[in-house]
Structures are given as structure tokens and as C-alpha cells.
Colleague: 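What follows is a structure written as C-alpha cells; I'll ask about it next.
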Protein chains: 2
Amino acid sequence: MNEGVEWALHSCLNLAWIGPGRAVTAARLAAYHELPAAYLNKQLQALVRAGILISASGPKGGFRLARDLDRITLMDVVTALEGPEEAFRCTEIRQRGPGAGPTGGRAPECAIAGAMGRADLAWRRELAAQTLDAVRERAERQAPDAPDRIRRWFADVT
Amino acid sequence: MNEGVEWALHSCLNLAWIGPGRAVTAARLAAYHELPAAYLNKQLQALVRAGILISASGPKGGFRLARDLDRITLMDVVTALEGPEEAFRCTEIRQRGPGAGPTGGRAPECAIAGAMGRADLAWRRELAAQTLDAVRERAERQAPDAPDRIRRWFADVT
DNA sequence: GCTCTCGTACTCGGATATTCTGTGTCCGAGTGTTCGAGG
DNA sequence: CCTCGAACACTCGGACACAGAATATCCGAGTACGAGAGC
């Protein structure tokens with residue numbers, strides 16, 4: 001899986017902790033975790049295209065959340081960065097070669113693809129069930145001082 | 001996901017339909033689906049290392065199943081080819097940069113990694129619940145003539 | 001005729017190229033601010 | 001003093017290199033079979 005997923009999730013949580021109104025630049029978000037700024041910018045662009053973030057150019061510009069965390073699921077972020085297609089792609093090799101069989105392409109369904117698809121569905125179901133707000137809540141329970149520390153660091157204009 | 005997973009699953013089912021005793025060469029298995037023989041051989045080698053297949057060199061050599069299909073799960077095959085590590089890898093970026101916090105590396109658990117890990121667990125649980133024998137049964141229900149056709153083609157020594 | 005031995009053909013196994021997606025970087029388009037001139 | 005305008009600085013956005021892994025291929029190690037010579 002793309003490494004940018006981790007970056008995007010952390011950045012979304014940071015944006016929420018900073019405050020809903022403030023727009024933060026990609027460079028600043030990247031500096032907080034020592035990430036390559038231009039590349040993080042690329043990932044955030046994908047979130048903008050997916051409607052998760054809103055971007056603004058120019059001075060005082062940057063990124064901010066398009067909606068509250070409780071309306072953003074892990075599935076949304078993963079789909080925005082990885083695309084909608086599932087991990088296992090059935091290339092229908094059973095239809096090629098001597099084993100093609102007499103079916104003229106109207107094969108009902110590949111049993112293997114079906115089984116893999118069920119597993120993929122379980123994965124997506126679990127991702128869709130988890131909102132970023134629930135993740136934030138867990139994170140705050142583990143590190144209650146994190147939100148304030150983040151808010152203070154990002155308020156620092158240095 | 002690696003494309004070889006699909007090839008390996010189909011090959012395992014073909015091996016089961018051919019019969020438990022017969023050893024089939026990688027070239028023959030590849031020809032049945034018009035796959036690159038040497039590359040399929042590489043994938044089957046991984047299954048041998050995982051204990052799913054047994055290989056034999058020389059004339060009359062080839063691959064055969066190490067155990068019955070009902071004792072092989074989709075999880076076994078995927079792990080053999082993709083490795084045991086999960087798709088989402090947490091690189092602990094929260095521990096880097098100004099946001100590192102005072103914890104000396106003994107952070108309890110990344111909430112994001114935990115949430116992604118739960119989804120990955122659901123995926124693996126579903127894969128582990130499906131045996132290749134169940135997949136075979138579904139496949140036979142959809143194409144009852146497939147086993148006999150496969151057996152006959154592979155029996156052809158041409 | 002039977003047995004032992006050597007050669008051969010065939011297979012897996014790992015080392016070796018090639019392509020493709022992910023990773024990282026750079027410069028141009030767009031925008032809000034700010035400084036200055038004019039009324 | 002207030003208003004208007006233009007230049008500027010800053011940000012996103014997409015186009016442009018680089019790297020690592022997936023994909024594909026090739027040659028060597030090992031083995032079972034079979035032919036041939038010897039007993």
C-alpha cells in the first residue's frame with residue numbers, strides 16, 4: 001500500500017486538532033513529521049480531488065478539512081489515494097489457452113475471484129466502519145497532551 | 001497484489017483435479033493458461049518453500065500438492081507469495097520531527113496503525129476461513145464439466 | 001539372458017535482465033497582501 | 001486622510017526525473033530413465 005496513506009491520515013488528524021477554520025500549508029504539515037513537502041502536497045491534492053480537503057492558493061492559503069472528522073472514514077482516504085479497484089485483480093486466465101472451454105465469454109463468475117472479493121469486501125467494510133473521529137478519540141485517550149502540543153506548535157509562526 | 005497469486009490458485013486447483021499422485025511440470029501448468037513458464041515456476045517455488053507444494057526434479061518430475069485442498073486456505077497461498085507483513089506499514093512518522101513528544105520511544109500504540117490493522121485482520125480472517133476445497137466446490141458447481149476436461153487435457157502426453 | 005554402469009534428456013532452482021509503478025523533485029498558474037501614488 | 005492600482009510574495013497544481021520492486025528470462029545443479037557393455 002502507498003506510504004502516503006499514513007501521511008494523509010496523520011495530516012487529517014493534525015488539521016482537526018489545529019482547528020476547523022485554519023488553513024495550513026503542505027510545507028508546514030510536512031515539517032511536523034519531517035516529510036518531503038512536495039510529495040505530501042501531491043497526496044493532499046488527491047484528498048482535495050476526493051472532496052475530503054479544500055485547498056486555497058496564495059498567502060494565507062493551504063489545506064483545511066472539507067467536513068467534520070466523524071463524516072470521514074478510513075475507506076474515504078484509502079480510496080482517494082489508492083483508487084477504487086480492489087487489491088486482487090482477476091485477469092481471467094481461465095479463459096485463455098487450451099482450458100478456455102466452450103463458454104463464449106459468458107462465464108458466470110470466477111470462483112477464485114469471488115472468494116478473494118469476499119475478503120476484500122470484509123476489509124473495505126471494516127475501513128468504512130471506522131471514522132477518523134473514532135481514531136482521533138483513541139489517539140487522545142493514549143496521549144491526552146498531544147492535541148494541545150500540536151495546536152501550540154502550529155500556532156507558532158516561526 | 002502480485003499477479004502470481006491468481007496463477008498459483010488456479011494451478012493448485014488444476015493439480016487437485018488432475019489427481020493427488022501425479023506430478024505436473026511448471027511448463028505444462030503454464031501452457032494450460034498461456035502463462036510464461038519460467039515465471040510461473042518461480043511462483044510455484046515459493047509455494048514449495050511454504051510447504052504447500054512438493055517438487056521433484058528430473059524426468060517424471062514436477063509439482064504436486066503437499067496436502068489435501070481442505071487443508072490449504074487462501075491465506076496460506078497469499079502469505080507464501082506476498083509475505084507475512086500487512087499491506088499498511090506504520091513507519092511511525094509521529095515519532096519524527098518536532099511532534100515527537102517526550103515519550104522516549106515507548107509509545108503505547110499508534111491509533112492509526114491500530115485501526116488499519118483491524119481492517120487487515122478482517123481481511124486475513126476471511127482469507128483464512130476459505131479453504132481451496134470450498135473454492136473448488138463452487139467452481140465445480142458453476143462448470144461441472146471442467147474437472148473432466150482438465151484431467152483429459154493434462155493426461156494428453158502430446 | 002541378466003546386471004551393472006555410463007550417458008542422456010529432462011526438471012527444478014536460483015542468478016540475471018527488463019519494464020512499470022511508486023517515490024521524489026521542480027517550475028508555472030493563481031491569489032491575497034501590501035506598498036505607493038494620486039485625488 | 002482616503003482610495004485605487006500595480007507589483008510582489010506566497011501557495012497550490014501539474015509536469016518532469018529517479019528508484020525499487022514486480023515481471024520476465026536464462027543457465028546451472030540434480031535426478032530418473034534407458035541404452036550398451038560386460039559377466
Side-chain angles (χ1 to χ4, degrees), chain A residues 1-8 11 15 21-31 33-66 78 80-83 85-89 91 93 96 154 157-158, chain B residues 1-8 11 15 21-31 33-66 78 80-83 85 87-89 91 93 154 157-158:
Chain A
M1 170 169 303
N2 197 319
E3 188 177 0
V5 173
E6 184 188 7
W7 305 358
S11 295
L15 281 173
R22 303 266 307 174
V24 185
T25 69
R28 197 125 185 86
L29 284 169
H33 292 304
E34 287 182 350
L35 303 175
Y39 192 33
L40 175 64
N41 190 15
K42 194 182 182 66
Q43 314 291 344
L44 297 181
Q45 283 174 31
L47 296 187
V48 171
R49 278 192 294 272
I52 298 173
L53 296 185
I54 292 176
S55 63
S57 290
K60 298 281 184 169
F63 295 91
R64 61 193 173 84
L65 291 169
V78 170
L81 297 180
E82 293 286 311
E85 65 278 358
E86 60 186 58
F88 179 84
R89 55 202 152 138
T91 60
I93 64 172
R96 304 207 315 249
F154 277 97
V157 289
T158 307
Chain B
M1 171 169 300
N2 197 320
E3 188 176 1
V5 173
E6 184 187 7
W7 304 357
S11 296
L15 281 174
R22 301 268 305 174
V24 184
T25 70
R28 198 122 184 89
L29 284 169
H33 293 303
E34 286 182 351
L35 302 175
Y39 191 33
L40 176 64
N41 190 14
K42 193 183 184 63
Q43 314 291 345
L44 297 182
Q45 282 173 33
L47 296 187
V48 170
R49 277 191 294 271
I52 298 172
L53 295 185
I54 292 177
S55 63
S57 291
K60 298 283 184 167
F63 296 91
R64 59 192 173 86
L65 291 170
V78 170
L81 297 180
E82 293 285 311
E85 65 278 358
F88 178 84
R89 55 203 152 140
T91 59
I93 63 172
F154 277 97
V157 289
T158 307

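These numbers come from a predicted model, not from an experiment. Numbered from 1 within each chain, the chains take letters A, B, ... in sequence-line order.
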Colleague: 5'-most contact on DNA chain C: A:Asn41 or A:Met1, nearest heavy atom basis?
Modeller: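 Its nearest nucleotide being more 5', the pick is A:Met1.
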Colleague: Please report the closest heavy-atom contact between B:Glu82 and B:Glu85, naming both atoms and the distance.
Modeller: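 Shortest heavy-atom separation between B:Glu82 and B:Glu85 comes out as O-OE2, 3.4 Å.
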Colleague: Starting the side chain at C-beta, find the nucleotide from D:dA24, D:dC33, C:dG13 nearest to B:Phe63.
Modeller: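 It is C:dG13.
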Colleague: What integer distance in Å separates A:Leu81:CG from C:dT21:P?
Modeller: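 Atom-to-atom, A:Leu81 to C:dT21, this comes out as 18 Å.
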Colleague: In whole Å, what is the span from the CD1 atom of A:Ile54 to the C1' atom of D:dC12?
Modeller: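 Rounded to whole Å, this separation is 14 Å.
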Colleague: So which nucleotide from C:dC12, D:dG13, C:dT23 ends up closest to the side chain of A:Val48?
Modeller: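 So the nucleotide nearest the side chain must be D:dG13.
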Colleague: Where the side chain of A:Pro59 is concerned, which of D:dG13, C:dG24, D:dC10 is the nearest nucleotide?
Modeller: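 Among D:dG13, C:dG24, D:dC10, the one nearest the side chain of A:Pro59 is D:dC10.
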Colleague: Would you mind reading off the distance between B:Lys42 atom NZ and C:dT16 atom P, rounded to a whole angstrom?
Modeller: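 That distance rounds to 12 Å.
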Colleague: Indicate whether OP1 or OP2 belonging to D:dG13 is found under 4.0 Å from a side-chain N or O atom of A:Ser57.
Modeller: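 For D:dG13, neither OP1 nor OP2 has a side-chain N or O of A:Ser57 closer than 4.0 Å.
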Colleague: Ignoring hydrogens, what is the shortest heavy-atom contact between A:Leu40 and A:Ala26? Give both atom names and the distance.
Modeller: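 For A:Leu40 versus A:Ala26, the nearest heavy atoms are CD2-O, 3.9 Å.
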Colleague: Rounded to whole Å, how long is the line connecting atom CD of B:Glu3 with atom C1' of D:dA21?
Modeller: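 One finds 15 Å between C1' of D:dA21 and CD of B:Glu3, rounded.
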Colleague: Round to a whole Å and report the spacing from CZ of A:Arg89 to P of D:dT23.
Modeller: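 That distance rounds to 6 Å.
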Colleague: Figure out the CG/C1' separation between B:Leu40 and D:dA24, and round it to whole Å.
Modeller: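 Answer to the nearest Å: 12 Å.
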Colleague: Going by the ring-ring contact (aromatic ring centres under 6.0 Å, His included) test, which pairs reach into residues 37-66 of chain B, not counting sequence neighbours?
Modeller: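 Listed by first then second residue: B:Trp7-B:Tyr39.
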Colleague: Across the strands shown, which category fits A:Gly4 at heavy-atom distances under 4.0 angstrom: base, sugar-phosphate, nothing?
Modeller: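 Counting heavy atoms under 4.0 Å across all strands, no contact is made by A:Gly4.
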Colleague: Nearest heavy atom decides the nucleotide; on that basis, is A:Gly61 or A:Ala38 closer to the 5' end of DNA chain D?
Modeller: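 Closest to the 5' end, via its nearest nucleotide, is A:Gly61.
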Colleague: Quick one: on DNA chain C, does A:Ala37 or B:Val24 contact a more 5' nucleotide (nearest heavy atom)?
Modeller: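 Looking at DNA chain C, the more 5' nearest nucleotide goes with B:Val24.
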Colleague: For A:Leu29 and D:dC12, give me the distance from atom CG to atom C1', rounded to whole Å.
Modeller: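 Whole-Å distance recorded here is 13 Å.
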Colleague: Looking at B:Gln45, I'd like to know whether one of its side-chain N or O atoms comes within less than 4.0 Å of OP1 or OP2 on C:dC12.
Modeller: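 The answer is no; no side-chain N or O of B:Gln45 sits under 4.0 Å from OP1 or OP2.
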Colleague: With DNA chain D as reference, determine whether B:Asn2 or A:Thr25 sits nearer its 5' end, using the nearest nucleotide of each.
Modeller: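 Comparing both residues, the 5'-ward one is A:Thr25.
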Colleague: Rounded to the nearest 0.5 Å, how far apart are CZ of A:Arg22 and NZ of A:Lys60?
Modeller: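 That separation rounds to 7.0 Å.
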Colleague: Whole-Å distance between C:dT11 P and B:Leu53 CG?
Modeller: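 After rounding, the gap between these two atoms is 17 Å.
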Colleague: Would you indicate, yes or no, if D:dG14 has its OP1 or OP2 atom less than 4.0 angstrom from a side-chain nitrogen or oxygen of A:Arg49?
Modeller: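 So the side chain of A:Arg49 is within the cut-off, an N or O lying under 4.0 Å from OP1 or OP2 of D:dG14.
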Colleague: A:Tyr39 side chain: which of C:dT23, D:dA22, C:dC26 is closest?
Modeller: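 Nearest nucleotide to the side chain: C:dT23.
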Colleague: Search all heavy atoms of A:Val24 against all heavy atoms of A:Leu15 and return the closest pair with its distance.
Modeller: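 Closest pair (atom of A:Val24, atom of A:Leu15, distance): CG2-CD2, 3.8 Å.
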Colleague: Using a 4.0 Å heavy-atom cut-off, does A:Ala27 contact any base of the nucleic acid, only the sugar-phosphate backbone, or nothing at all?
Modeller: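 Touches nothing.
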Colleague: Could you pull out the closest heavy-atom pair between A:Ile52 and A:Ala80, with the gap in Å?
Modeller: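 Taking A:Ile52 first and A:Ala80 second, the nearest heavy atoms are CD1-CB, 4.2 Å.
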